[in-house]
Amino acid sequence: MSTHSSATGSLVIHSARIVDHGDIVEDGWVRIDDGIVTERGTGPGWASVDEVVDATAVAGAGALLTPGFVDIHGHGGAGAAFDDGAEAIRIGRDLHREHGTTRAVVSLVTASLDSLARSVGLIADLTETDADILGSHLEGPFLDPGHHGAHEPSLLRHPTTADVARLLDAGRGTIRQVTIAPELPGGLDAIRQIVAAGSAAAVGHTDADASMAVAAFEAGASILTHAFNAMPGIHHRAPGPVLAAAADHRVVLEAIADNVHLDPHVIKLVFDSAPGRVALITDAMAAAGSADGHYDLGAVSVTVENGVARADDTGSIAGSTLTQDVALQRAVQAGASLAEAVRALTETPARAIGRDAFLGRLSPGMLGDAVLLDAELRVARVWSGPRLLV
């Protein structure tokens, strides 16, 4: 089990392979002062500080230091669902932090508008008290009934200006992304409304063809929610939303690298087709870090068997039991380069939600979120910086 600590005082982590910004630097060191990265270099050139961590002594030969992982799409962990309030969110976040996820967007499954408005308001409050919570992600209710996945179909609805505004207002500027099926009546207008409010619009749980996906991206959508899942696939005469997203340099493609949602060959395909634009997400539900059994995902009853979550009524995959360290391992095993797989856990997801000025890099001035991993990409230690004050 890893340990985690807030980075207060002065800290140097040295003798690590630093994997950051698409590069790997051998024998690197990073200095963090009061939770902010202040210096980095190679070799023995750091000054005396309060705490010195020898990466090789802690994590063994080949130890890696990366920025803290950022998960922009996850629903829970350690038996707790993020839909169930502040304490459940903290329980789930504690589990994922142990696996390297220093910051996360709290994803909510489809519920009534009243319930979602309450939840995004509560999460807005948490962003003011809990440094690791970046805001919320509404995965619904504006989804295609034919691609509802583990969302309760009876609660899905078409987006109206008033309904979208109500949710955005309830989030008080902390809704980071909204997943929407753009082909729904009012869908493209809703995308424009979401983007105008400062949130990212994500195309997902959709029946959109390539031309509709292009229209959504032209309207301002900038994320593809869990690429390939809950959307048309790639056919040689119907390229679908995945290829439309891969062809658009403004769009980040979420990927669930658990070898269940995506075959390893497809994980590699996503990295190859959208270099620098992949965000490795967990889409984790309550069972992440917990035993097989029965769980609730919003209004949907779910059974987890051999670590795979499926909705009881439809058999649809119902989120994952993934953690981001395992996503890193799976992506590298699938053939993604280590540097690009780390970028997909750090810099790219931070950029996708407009937080890359402070997160996702180990550069001076950035928040001091860092993960120390051994040569097998297992987490040895995690550090978290202070709250993001914007």
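FYI, side chains are in, hydrogens and waters are out, and symmetry mates aren't considered; it's all heavy atoms of this structure. Along the sequence shown, residues are numbered consecutively beginning with 1.
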Determine whether a donor-acceptor pair (N or O, by modelled atom type, separation under 3.5 Å) exists between the side chain of [X] and the backbone of [Y].
| X | Y | value |
| --- | --- | --- |
| Arg361 | Pro67 | no |
| Thr348 | Ala279 | no |
| Arg330 | Ile256 | no |
| Glu183 | Asp207 | yes |
| Ser320 | Leu322 | yes |
| Asp283 | His226 | no |
| Asp374 | Arg378 | yes |
| Thr314 | Ala311 | no |
| Gln324 | Leu280 | yes |
| His96 | Gly76 | yes |

Does a donor on one side chain sit under 3.5 Å from an acceptor on the other, for [X] and [Y]?
| X | Y | answer |
| --- | --- | --- |
| His75 | Asp83 | no |
| Asp312 | Thr303 | yes |
| Asp71 | Thr282 | yes |
| Asp114 | Ser112 | no |
| Thr127 | Thr174 | no |
| Glu347 | His21 | yes |
| His73 | Gln177 | no |

Would Glu98 and Arg93 satisfy side chain to side chain contact (heavy atoms under 4.5 Å, CB included), going step by step from the backbone distance to the final call? CA-CA 9 Å; Glu98 295 288 347; Arg93 281 294 306 127; over 6 Å; no
Determine, using the 4.5 Å side-chain heavy-atom cutoff (strictly less than), whether [X] and [Y] are members of one ILVMFWY cluster.
| X | Y | value |
| --- | --- | --- |
| Val251 | Val195 | no |
| Leu184 | Leu224 | no |
| Leu138 | Ile194 | yes |
| Val120 | Leu168 | yes |
| Val70 | Ile36 | yes |

Any side-chain heavy atom of [X] within less than 4.5 Å of one from [Y]?
| X | Y | result |
| --- | --- | --- |
| Pro232 | Pro241 | yes |
| Leu11 | Val52 | no |
| Ile72 | Glu254 | yes |
| Met285 | Val304 | yes |
| Asp163 | Thr160 | yes |
| Val342 | Asp20 | no |
| Leu64 | Leu338 | yes |
| Ile32 | Thr38 | no |

Got a second to check how far [X]'s [atom1] is from [Y]'s [atom2], nearest 0.5 Å?
| X | Y | atom1 | atom2 | answer |
| --- | --- | --- | --- | --- |
| Arg176 | Ile223 | CZ | CD1 | 11.5 Å |
| Leu269 | Leu243 | CG | CG | 7.5 Å |
| His205 | Leu156 | NE2 | CG | 9.5 Å |
| Ile24 | Thr66 | CD1 | OG1 | 11.5 Å |
| Leu116 | Ile123 | CG | CD1 | 9.5 Å |
| Thr321 | Tyr295 | OG1 | OH | 9.5 Å |

Other residues, nucleotides, ligands: >12 heavy atoms within 6.0 Å of Glu26 CD: yes
Hey, is NE2 on His235 packed in by over 12 heavy atoms from elsewhere, all under 6.0 Å? yes
Determine, for Arg250 against Glu218, whether the closest basic-nitrogen to carboxylate-oxygen distance falls under 4.0 angstrom. yes
Under a 4.0 Å threshold between the charged nitrogen and the carboxylate oxygen, would Asp189 count as salt-bridged to Arg192?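 Asp189 and Arg192: salt-bridged.
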For [X] versus [Y], what's the shortest heavy-atom pair and its separation?
| X | Y | result |
| --- | --- | --- |
| Gly171 | Ala124 | O-CB, 3.5 Å |
| Ser107 | Phe82 | O-CB, 3.9 Å |
| Val58 | Ala380 | CG1-CB, 4.3 Å |
| Val300 | His151 | CG2-C, 3.9 Å |
| Leu143 | Gly204 | CD2-O, 4.2 Å |
| Ile191 | Ala221 | CG2-N, 3.5 Å |

Can you check side-chain hydrogen bond (donor to acceptor under 3.5 Å, both in side chains) on Glu139 and Thr110, steps first, answer last? CA-CA 6 Å; Glu139 192 181 14; Thr110 296; over 6 Å; no
Please walk me through it: do Val12 and Val53 pass side chain to side chain contact (heavy atoms under 4.5 Å, CB included)? CA-CA 6 Å; Val12 163; Val53 174; over 6 Å; no
Go through the steps for Ser15 and Thr56 under the test side-chain hydrogen bond (donor to acceptor under 3.5 Å, both in side chains), then give the verdict. CA-CA 6 Å; Ser15 303; Thr56 302; 5.0 Å; no
Arg90 vs Asp94, test: salt bridge (Lys or Arg N to Asp or Glu O under 4.0 Å). Steps then yes/no. CA-CA 6 Å; Arg90 288 172 174 142; Asp94 285 348; over 6 Å; no
Run the numbers on Val30 and Val37 for side chain to side chain contact (heavy atoms under 4.5 Å, CB included), then give the verdict. CA-CA 7 Å; Val30 172; Val37 178; 4.0 Å; yes
Candidate pair Val326 and Thr323, rule side chain to side chain contact (heavy atoms under 4.5 Å, CB included), full reasoning: CA-CA 6 Å; Val326 175; Thr323 51; 3.5 Å; yes
Asp130, Asp325, Asp132, Asp369 screened by salt bridge (charged side-chain N to carboxylate O under 4.0 Å, His left out) with Arg97, the one that passes: Asp132
